[in-house]
Structures are given as C-alpha cells and as structure tokens.
Amino acid sequence: MKVATEGCNFLFIIICLLLISGLGIHSLSYDYSATTKCLVEPERAQYGGGIIVNPGFDHNIEGWTVFGKGSIKEQISNEGNRFIVAHNRTQPLDSFSQKVQLLKGMLYTFSAWFQVSEGSDTVSVMLKTKESELVRGGQVIAKHGCWTLLKGGIAANFSGPVEILFESKNSTVEIWADNVSLQPFTKKQWRSLQDASIERVRKRRVRFQITRVNETALKGAKVIAKPVKLNFPFGCGMNHYILTNKDYQNWFVSRFKFATFTNEMKWYSTEKKQGVENYTISDAMLKFTKENGISVRGHNIFWDDPKYQPEWAKTLSPADLAKAAAKRMESVVSRYKGQLIAWDVMNENLHFHFFEDKLGQNASAEAYATAYEIDPKQKMFLNEYNTIEDSGDEDSSPVNYMKKIKEILSFPRVAGMSLAIGLQGHFASGQPNLAYMRSSLDLLATTGLPIWLTEVSVDPQPSQAEYLEDVLREAYSHPAVDGIIMFSGPAQAGFNTTTLADENFRNTPAGDVVDKLIQEWGTGPKIAAADGRGIVDISLHHGDYDVTVTHPLIHSPIKMNLSVKKDFSLETIHVKMRT
C-alpha cells in the first residue's frame with residue numbers, strides 16, 4: 001500500500017510519517033531471524049517491507065529509479081518470483097534506488113535478498129544524504145544461482161530525505177534484489193523490545209505456593225530471593241594497579257566476578273627482552289582474582305597488529321619468528337592451562353596480518369590448533385573490533401568475520417575445538433548504531449558459536465553515559481550474547497576513555513549507569529508477598545539463589561536453595577509453614 005504525503009503540512013508531517021511507517025498504529029516486534037544460507041527462492045520481506053514502496057516488485061519496478069548510468073528492469077524467475085535487476089553497469093554504485101524520509105533519533109533496520117548475474121561479489125546497501133554523504137548500512141556476499149540475505153541498519157542522526165542504493169565493486173555483474181525492507185523504530189519501541197527480550201531470554205518466572213501445614217493459604221508471606229551466583233558473565237578490564245591500590249581492589253571486587261587483564265598477559269609484557277620471560281605481574285593478578293572468586297579471560301596469546309609485537313620480534317626473520325612464536329605459545333598457554341575461562345588466540349586477525357605475512361597464510365589457524373592442543377577445554381576466541389560498532393569498516397564486517405571463522409574451522413587440527421566470537425565493542429563518538437549492532441549479532445548468531453562483547457568502551461563525549469547504557473542494554477538483551485566485558489574502570493587505574501570512577505573513587509555518570517545495570521540485572525535481593533491464595537510470582541535472572549520464606553505469625557523461616565536456568569520450567573514450588 002502506498003500513502004501520499006503531499007497533503008501533510010509542516011505541523012503534521014511527523015504524524016503522517018509515523019502513520020506511514022505503522023508506528024502510530026501498532027507496536028512492533030523485532031525479527032531476530034537471519035540466515036547465511038543461499039536459497040533457491042528468497043524469503044518474504046521482513047515487516048512487509050516497512051516504509052519501502054513495492055518491496056517485492058509485485059508492481060513491476062514502481063517506486064524504484066535508476067541510480068548512476070546503468071539500467072533497471074523487472075525480471076521473473078522460472079518459479080514466478082518477481083525481482084529487480086540493475087544491468088549495463090559501469091560503476092560500483094550503478095544500481096536501483098528509492099528515496100525515503102528519515103526521522104532524527106529513530107533506528108532503521110534494513111534487509112533484502114540479493115543475487116549477482118555471475119560468480120559472487122560483495123553487495124552493500126548505501127544511504128545517500130542530501131549532502132551527498134554515503135553511509136554504508138550493511139553488506140553481504142551475493143552469489144549467482146541463489147539468494148542471500150543482507151541484514152543491516154542505521155541510526156538516524158538527522159531528519160530528512162535519503163536515497164537507498166546499492167554497491168557492487170564488480171561493475172561487470174548485474175545486481176538482482178528482492179523483498180527489500182526498511183523498518184523504523186522509535187527509541188521507546190527499541191527499549192521496550194530490549195526489556196521484553198531480557199525478560200524472555202535472561203529471566204524465568206518462578207511461582208511459590210505458601211500454605212500452612214493444613215494447606216490453607218498464608219496471605220502476606222514474604223519470599224526473599226538473594227542471588228548467590230548469576231549465570232550471565234558481566235565483567236570489567238583489570239590492570240596491574242589492582243596489586244597495589246586497595247581502593248581499586250575494593251571497587252572491583254564489590255562489582256565484578258569476571259575480568260580480562262588489559263595488557264599484562266600480552267607478549268610484549270611478559271617477554272620484553274628476547275628469552276627473558278617475566279610473568280610476575282600476571283601471576284600476581286591471577287592469584288588476586290582467584291582469591292576473590294573472579295574468572296579471567298586470557299588476553300591474548302598473539303596480536304596480529306605489527307605495532308604491538310615485542311620490539312625485538314618485529315625484525316626477526318621468518319624462521320626465527322616461528323621459533324619465538326612457538327616458544328611463546330607453549331609458555332603462556334601451558335602456564336595458565338585450566339586456570340582461565342577463554343583465550344583470545346590471534347587478536348584483531350581481520351584488520352592485521354603480521355604473522356600471516358611472516359609465517360604464511362595458515363599462521364592464525366596454526367595458532368588456534370596449537371592453543372587447542374595445549375589447553376583443549378578452553379573456548380578459543382577470534383577477537384575483533386568494528387564488527388558491531390562501525391558499518392563502514394568492511395574489513396571486519398559480519399560477512400568477513402564469518403568467512404574467517406570458516407577458514408579457521410576448516411583447518412585439519414581443530415576438530416572438536418570450541419571456537420567463539422569476540423566482539424570488542426569500542427564505540428567512537430556519536431550515537432551508537434544499535435540497528436546495525438543488532439543485525440550484526442543476528443547474522444553472527446547463525447554460526448551457533450558463543451558470542452561475547454570483550455572490551456566495551458565508549459569515547460568521551462557529553463552523552464557518553466547514555467550511549468554506554470544503550471550499548472550494554474543492546475548486548476545484554478540479545479539472545480545470542482553470552483557475556484560482556486568492559487574495558488573501563490577508575491581514573492586511579494588509568495582508565496581515561498570510559499572512566500567509571502574519578503580520582504576519589506566517586507562514580508562518574510558512566511559509573512552510575514554500570515552500577516544501575518548491575519543492580520537491575522539481578523544482584524539485589526528480590527522480595528515479593530503472597531496474595532490471598534498464598535501465591536507468589538517472582539521473575540528471577542538465571543542463577544543460583546538462597547531463598548527465605550517468612551510470615552509475621554511464624555517464628556521459624558523456611559530456607560532453601562534455588563537454581564534458575566534457561567530451561568527452568570514454571571512448576572509451582574510448594575512451601576508449607578508450621579504456625
């Protein structure tokens with residue numbers, strides 16, 4: 001259905017646009033579905049196409065125009081499916097386009113199905129602003145002979161028209177598209193969907209039936225559920241200041257049970273001089289975490305960035321580097337075998353190729369295989385930046401991330417290895433593109449591998465605390481995310497990007513956000529009273545709880561242990577109290 005906007009005057013333009021998108025009529029659910037399979041026929045347009053006119057090309061190419069110098073036409077498959085084709089292309093951006101109106105502050109999810117006329121090529125969705133700025137919203141590797149889903153998104157930081165178009169750098173191929181969708185969400189809707197997802201995937205509703213021994217209801221009985229251990233890992237980066245700063249120790253231990261050492265396990269920290277290893281600091285930090293019940297991610301065995309090698313390693317011959325790297329692998333992984341919860345094996349392997357350039361294209365796969373052989377029970381992470389942060393970074397796009405995963409898993413010595421996805425989450429200044437972040441997580445979730453955000457930070461800016469909360473909520477609410485580590489902390493420990501406490505350990509606004517979320521995500525006791533039927537319904541985050549049941553007329557409270565898990569079934573827990 002098409003709705004004309006010509007009759008909308010200035011005062012009512014926003015209302016008209018909301019009505020067009022459906023936002024003023026119905027609340028929306030979010031479609032987490034994604035696939036990386038190449039299908040014979042495309043699936044239907046998500047959200048019915050949203051604000052896209054003629055999303056499935058049922059009305060020929062109405063609503064679509066040529067962008068650039070090529071031509072466009074409708075084509076029909078042997079099965080009767082209609083789609084649009086951009087042909088006679090000479091430039092990467094020669095394609096088809098449609099103009100839409102964006103509203104500042106809204107989030108837009110994009111999806112469409114693509115083919116190319118021969119071979120395969122990366123197809124990107126681009127949004128061209130009235131200032132001719134091009135913003136990339138996502139990409140996919142399109143193939144000939146089957147349809148592949150592109151899923152992406154944009155956070156609108158202005159109101160005005162944009163033109164949706166598409167890019168294929170191989171201008172000799174035709175671009176085919178079908179079932180295009182652009183769906184807007186208000187911030188209020190987005191937050192509501194986050195909350196609903198948290199309730200669904202992070203919590204379970206538990207029912208207690210409180211009665212006397214004779215099974216008469218005990219109205220007013222109180223159930224107090226105190227968390228002993230929560231199942232979702234939410235932690236923070238830790239550095240060597242923890243060893244000497246008592247205030248830092250108290251600050252960390254009172255908040256977090258998961259950590260990553262920011263630098264202290266890295267090769268340039270443990271072997272500053274070739275052949276002279278020194279694990280004194282990392283050993284002491286690991287001792288501190290063990291004493292305080294804190295689990296640690298191993299960060300990292302290698303870093304593929306040429307800048308972050310030990311100085312002496314940068315100029316080694318390939319043969320000598322291979323020997324030094326083998327020694328490093330054996331040393332650090334054997335030393336901490338079984339004491340960590342994960343390893344970042346080859347850090348930033350999509351952006352940099354130090355070891356591949358020196359040791360051959362299988363260098364990173366060899367590293368994963370060897371780490372797995374030494375410490376076979378640990379999750380082995382591919383840890384990268386900009387996969388969820390920046391839609392413009394093609395190197396680490398979800399498509400390229402999954403391509404690298406396939407390369408690693410195809411190596412013969414990794415059978416049985418638990419590979420995992422590490423997304424650093426360093427967000428630069430400006431509003432985080434939560435629509436792109438969520439669509440990227442949707443796509444990565446199709447791998448079935450564990451997903452963690454491993455180094456979350458937000459650059460200093462007036463809205464830093466708000467944006468940090470946006471990112472953390474988005475991660476926590478996504479069904480595929482299994483853990484979050486922030487690279488942030490107190491000023492006394494040198495955390496100057498996302499500072500959570502000032503020099504006097506007073507909370508910054510970002511620190512207030514973190515403390516609020518820690519409390520909200522289940523660290524405080526949950527208290528509820530029984531109704532006239534003696535029923536108590538309480539929603540608890542996944543974890544282990546000490547439960548106490550009391551009543552004013554009963555002197556001896558009932559105590560029990562309760563474990564709430566993902567597969568926890570809503571069976572009534574009967575509690576009988578003696579008066």
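- With 3.5 Å as the limit, one finds no donor-acceptor pair spanning the side chains of S463 and Q431.
- For H144 (side chain) and G119 (main-chain N/O), no donor-acceptor pair under 3.5 Å exists by modelled atom type.
- Taking the six-membered ring for Trp and the full ring otherwise, the centers of Y467 and F427 sit at least 6.0 Å from each other.
- Side-chain atoms of D178 and N81 form a donor-acceptor pair, as typed in the model, at a separation below 3.5 Å.
- Y32 and H478 have perpendicular rings, their planes meeting at more than 60° on a 0 to 90° scale where under 30° would count as parallel.
- Between T148 and C38 there is a side-chain heavy-atom pair separated by less than 4.5 Å.
- The nearest pair of heavy atoms linking Q115 to G145 is OE1-N, 2.8 Å.
- From T35, atom OG1 reaches atom CG of L443 across 9.0 Å, with rounding to the nearest 0.5 Å.
- Although no hydrogens or angles enter the test, the distance criterion places no donor-acceptor pair under 3.5 Å between the side chain of S181 and the main chain of S111.
- Counted by atom type alone, E43 and W113 present zero donor-acceptor pairs between their side chains at under 3.5 Å.
- Between F234 and M486 there is a side-chain heavy-atom pair separated by less than 4.5 Å.
- For the ring-ring contact (aromatic ring centres under 6.0 Å, His included) criterion with F96, the lone passing option out of F83, W176, F166 is F166.
- Across all their heavy atoms, L359 and P318 have their closest contact at CD2-O, 3.3 Å.
- In this structure, C146 SG and K37 NZ are separated by 12.5 Å, a value rounded to the nearest 0.5 Å.
- Residues F114 and I175 meet the side-chain proximity criterion, which asks for heavy atoms closer than 4.5 Å.
- Remark: R438 does not engage D442 in a salt bridge, criterion side-chain N to carboxylate O under 4.0 Å.
- Side chains of K406 and T447 form no contact here, defined as non-hydrogen atoms less than 4.5 Å apart.
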### Message
Please determine whether side-chain contact (heavy atoms from CB on, under 4.5 Å) holds for the pair D195 and R473, giving the CA-CA distance in whole Å, both sets of side-chain angles, and the decisive distance to 0.1 Å.
### Response
CA-CA 9 Å; D195 291 343; R473 282 192 185 279; 4.2 Å; yes

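- Taking a 6.0 Å sphere around NZ of K404, one finds it holds more than 12 heavy atoms contributed by other residues, nucleotides or ligands.
- Looking at S168 and N170, their side chains never bring a donor and an acceptor atom within 3.5 Å of each other.
- Here the two rings, on F57 and W64, have centers that are under 6.0 Å apart.
- At most 12 non-hydrogen atoms from other residues, nucleotides or ligands lie less than 6.0 angstrom from NZ of K403.
- Using a 3.5 Å distance cut-off with no hydrogens or angles, the side chains of Q98 and N54 do not pair a donor with an acceptor.
- More than 12 heavy atoms of other residues, nucleotides or ligands sit less than 6.0 Å from atom CD of E407.
- At least one side-chain heavy atom of F110 sits under 4.5 Å from a side-chain heavy atom of V180.
- Looking at V456 and L468, their side chains come closer than 4.5 Å, going by heavy atoms from C-beta outward.
- Taking the six-membered ring for Trp, Y368 and F411 have ring centres at least 6.0 Å apart.
- The shortest non-hydrogen separation linking S97 to E163 is OG-OE2, 2.7 Å.
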Could you go through the side-chain contact (heavy atoms from CB on, under 4.5 Å) check for N347 and Q424 one step at a time? CA-CA 10 Å; N347 204 41; Q424 292 182 9; 3.7 Å; yes

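- By the neighbour-count criterion of 12 heavy atoms within 6.0 Å, atom CZ of R44 is sparsely surrounded, having that number or fewer from other residues, nucleotides or ligands.
- The OG1 atom of T109 sits 12.5 Å away from the CG atom of L434 when rounded to the nearest 0.5 Å.
- Ring planes of F355 and W267: parallel class, angle under 30° (limits at 30 and 60°).
- A 4.5 Å side-chain heavy-atom check between I451 and L441 finds at least one atom pair inside the cut-off.
- One N or O on the side chain of E384 and one on the backbone of L350 form a donor-acceptor pair closer than 3.5 Å.
- Listed for the N60 side chain is no donor-acceptor partner under 3.5 Å among the backbone atoms of E62.
- Between the side chain of S197 and the main chain of S477, a donor-acceptor pair closer than 3.5 Å is present.
- Side-chain atoms of Q378 do not come within 3.5 Å of backbone N or O of W343 as any donor-acceptor pair.
- The shortest heavy-atom contact between S488 and L500 is OG-CD1, 3.4 Å.
- Aromatic ring pairs are classed by plane angle as parallel below 30°, tilted from 30° to 60° and perpendicular above 60°; the pair W190 and Y30 is perpendicular.
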* Asked: Could you go step by step and tell me if R297 and D344 meet the salt bridge (charged side-chain N to carboxylate O under 4.0 Å, His left out) rule?
  -> CA-CA 8 Å; R297 296 183 71 257; D344 290 333; 2.5 Å; yes

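- Residues Y108 and L127 form no side-chain contact, since every pair of their non-hydrogen atoms from C-beta on lies 4.5 Å or further apart.
- Rounding to the nearest 0.5 angstrom, the gap separating the CG atom in D121 from the CD atom in E167 is 9.0 Å.
- Around the NZ atom of K379, the shell of radius 6.0 Å holds no more than 12 heavy atoms that belong to other residues, nucleotides or ligands.
- Using cut-offs of 30° and 60° for the angle between ring planes, the Y476 and F232 rings count as perpendicular.
- We find that D58 and R82 are not joined by a salt bridge, their nearest charged nitrogen and carboxylate oxygen being 4.0 Å or further apart.
- With hydrogens and angles ignored, the 3.5 Å screen pairs a side-chain donor or acceptor of Q461 with a backbone N or O of G430.
- Atom CD of E455 and atom SG of C236 lie 12.0 Å apart (nearest 0.5 Å).
- Between Y308 and F352, the ring center distance fails the sub-6.0 Å criterion.
- Between the side chain of Q464 and the main chain of T497, a donor-acceptor pair closer than 3.5 Å is present.
- When all heavy atoms of I61 and K73 are compared, the pair lying nearest together is CG2-C, 3.9 Å.
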CA sep, side-chain torsions, deciding dist, call: E394, R136, salt bridge (charged side-chain N to carboxylate O under 4.0 Å, His left out):
CA-CA 9 Å; E394 297 181 67; R136 192 179 305 275; 3.1 Å; yes

Query - Residue pair M417, I408: steps toward the side-chain contact (heavy atoms from CB on, under 4.5 Å) verdict - result: CA-CA 10 Å; M417 180 181 71; I408 294 170; 4.0 Å; yes

Query raised in the report: Can you check side-chain contact (heavy atoms from CB on, under 4.5 Å) on N179 and W147, steps first, answer last?
Result: CA-CA 11 Å; N179 295 340; W147 294 91; over 6 Å; no

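- Under the 3.5 Å distance criterion, the side-chain polar atoms of Y372 are matched with a main-chain donor or acceptor of A415.
- Contact detail for A435 and G153: the closest heavy-atom pair is CB-CA, 3.9 Å.
- Rounding to the nearest 0.5 Å gives a distance of 7.0 Å between NE2 of H426 and OG1 of T454.
- No donor-acceptor pair under 3.5 Å is formed between the side chain of N88 and the backbone N or O of G70.
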